[in-house]
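Note that the coordinates shown come from a computational prediction; the quantities given were computed from them, not determined experimentally. Here is how names work: the chains are called A, B, and so on, in the same order as the sequence lines, proteins then strands, and each is numbered from 1.
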Number of protein chains: 2
Amino acid sequence: MTEKLHKNQRQRAPSQRSLATRDRIFDAAEQLFADRGFEGASIRDIARAAGVQGALVSHHGGSKEALFATVVARRAEELSTLRLQALAAAKAQAQSDAESALPLRQVLHCFLAPFIHQTLHGGANWSAYGRLIAHVSSNPRWQQIAQRCFDPTARVFLEEIAKALPEADTQKISACFVFMVSAMLSLCTSRWRIVGLSQAETAEDLTAELLDFCEAGFRA
Amino acid sequence: MTEKLHKNQRQRAPSQRSLATRDRIFDAAEQLFADRGFEGASIRDIARAAGVQGALVSHHGGSKEALFATVVARRAEELSTLRLQALAAAKAQAQSDAESALPLRQVLHCFLAPFIHQTLHGGANWSAYGRLIAHVSSNPRWQQIAQRCFDPTARVFLEEIAKALPEADTQKISACFVFMVSAMLSLCTSRWRIVGLSQAETAEDLTAELLDFCEAGFRA
DNA sequence: GTCTATAATGAGATAGAC
DNA sequence: GTCTATCTCATTATAGAC
């Protein structure tokens, strides 16, 4: 353990201060990428918002593209965990036998509720993250990032939906899933439209409305 | 009519060549704004794509923001016309008496079909326009443009939907309308996801699938 | 790890000749 | 209407001191 390490390995653990700075930078990047998109947010803006010098952003985040990918990936794992935990909990509660299918609405709820809850009640960071994901999801340029971060979990839910709708065509289910994700993301990007019309709805109301819409859509 | 005109009025009609150049510029801008977003597409790129000098883009389009707004507005009127014509034709065919409500599915079809048909079969320009609208619709920065271009027609359809669903809450209808528009736009931005899964669908198939999804959602 | 300074590039806009 | 040339500013990235 006292031998020399290769140059590209970390020589020692980063300090607490370094970690805090790094998180401030990632938070600022998340916020600005969400507000203005990838090209609209400059490294300088991010540095200023984080209260550091521009060079530090490059130091912690690498190139601008790498920084973007890192920020997207950062909360993706947590989101996946929340979704899969919700699914596991629902299965455990249904408990009868391991292979019985969950009701469709419950599957959809496990997918939608964590996202909506976090983006609406998880503070400014999660709110920004929701809008960030909307960017990722609507621009083919980030297709690879989206696949890495979200496809594995999506696949799990697609299978679960297929089990809940045994007579439905797999292709139609996939199309509906894309529609559902779009509608879900519209809560982040177009909430002003909805809230401006139906005043002061809670996250639970919105979740229920979206669930009604999507469940009926899947069944059709 | 032979008097001198004020300086900011057009002294004479633009030449055919000028109009053709202007349209080339607008087409190129539409394509690049759709592909890379507002900040991702530079005036220089647009000029190169149109085969003109950069100064000409400013000449015809004004500032970059004005150019963007112009390109969005350009096809918006045509789209509105197609939608309202479809609605009028459906009403004329139902013909019974002028105040009877159209069936929900028919109203939604009149709204969705023109957009889907144009963006899928209207050539590269309309395809780009669809992706452009997805940008406009997901970024609050373009809220004003969106309202100017699309709200009047949306209002007409919202009323028609409310007539088709007399017992439904107006606020819920509005929320569902936002979900529907999101799902519609996802056909432009995420078609690779859907098509990659359900192979070789026609525009009519996709329209029907989206209609099934949204009609059921509204009824829920 | 953090900072200053700067390199290298590209951006949007416009003046003025033709 | 179109083009050349140029202004001014912001961009990402990095080298090197501390």
K.L.:
Counting heavy atoms not belonging to His60(B), are there more than 12 under 6.0 Å from its NE2?
P.N.:
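Above 12, so yes.
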K.L.:
Rounded to whole angstroms, how far apart are CD on Glu39(A) and P on dA10(D)?
P.N.:
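In whole Å, dA10(D) P lies 19 Å from Glu39(A) CD.
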K.L.:
So for atom CD, which belongs to Gln143(B), do other residues, nucleotides or ligands contribute more than 12 heavy atoms lying within a distance under 6.0 Å?
P.N.:
yes
K.L.:
Under 4.0 Å, counting only non-hydrogen atoms across every strand here, what does Arg44(B) touch: a base, just sugar-phosphate, or nothing?
P.N.:
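Contact class for Arg44(B): base.
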K.L.:
Separation of Leu19(B) atom CG from dG1(D) atom P, in whole Å?
P.N.:
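The answer, rounded to whole Å, is 8 Å.
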K.L.:
Could you tell me how far apart Ile46(B) (CD1) and dA13(C) (P) are, to the nearest whole angstrom?
P.N.:
11 Å
K.L.:
Kindly say whether Ala41(B) contributes a backbone atom to a donor-acceptor pair with the side chain of Lys64(B) at under 3.5 angstrom?
P.N.:
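Between the backbone of Ala41(B) and the side chain of Lys64(B) there is a qualifying donor-acceptor contact (under 3.5 Å).
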K.L.:
Find the distance Gln53(A):CD to dT6(C):P and express it as a whole number of Å.
P.N.:
14 Å
K.L.:
Starting from C1' on dT9(C), measure out to CG on Asp45(B) and report it in whole angstrom.
P.N.:
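So the CG-C1' distance, Asp45(B) to dT9(C), works out to 14 Å.
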K.L.:
Select from Ile43(A) and Thr21(B) the residue whose nearest nucleotide in DNA chain D is closer to the 5' end of that strand.
P.N.:
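Closer to the 5' end of DNA chain D: Thr21(B).
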K.L.:
Quick check: on DNA chain D, is the nucleotide nearest Gly40(A) upstream (toward 5') of the one nearest Ser18(B), or the reverse? Name the residue that is more 5'.
P.N.:
Ser18(B)
K.L.:
Should the ring pair Phe33(A) and Phe38(A) be called parallel, tilted or perpendicular, given that the plane angle runs from 0 to 90° and is split at 30 and 60?
P.N.:
parallel
K.L.:
Could you check how far CG of Asp23(A) sits from C1' of dG1(C), rounded to whole Å?
P.N.:
15 Å
K.L.:
Name every residue in residues 54-71 of chain A that has at least one heavy atom under 4.0 Å from any atom of DNA chain D, in order of residue number, or write none if there are no such residues.
P.N.:
Ala55(A), Ser58(A), Ser63(A), Lys64(A)
K.L.:
Are the aromatic rings of Phe111(A) and Phe177(A) close, with centres under 6.0 Å apart?
P.N.:
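Yes: the rings meet the under 6.0 Å criterion.
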K.L.:
State whether Ser42(A) places a side-chain N or O below 4.0 Å from either non-bridging phosphate oxygen (OP1 or OP2) of dA10(D).
P.N.:
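For dA10(D), OP1/OP2 do not have a side-chain N/O of Ser42(A) under 4.0 Å.
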K.L.:
Got a salt bridge between Arg75(A) and Asp27(A), using NZ or NE/NH1/NH2 to carboxylate O under 4.0 Å?
P.N.:
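Yes, this pair counts.
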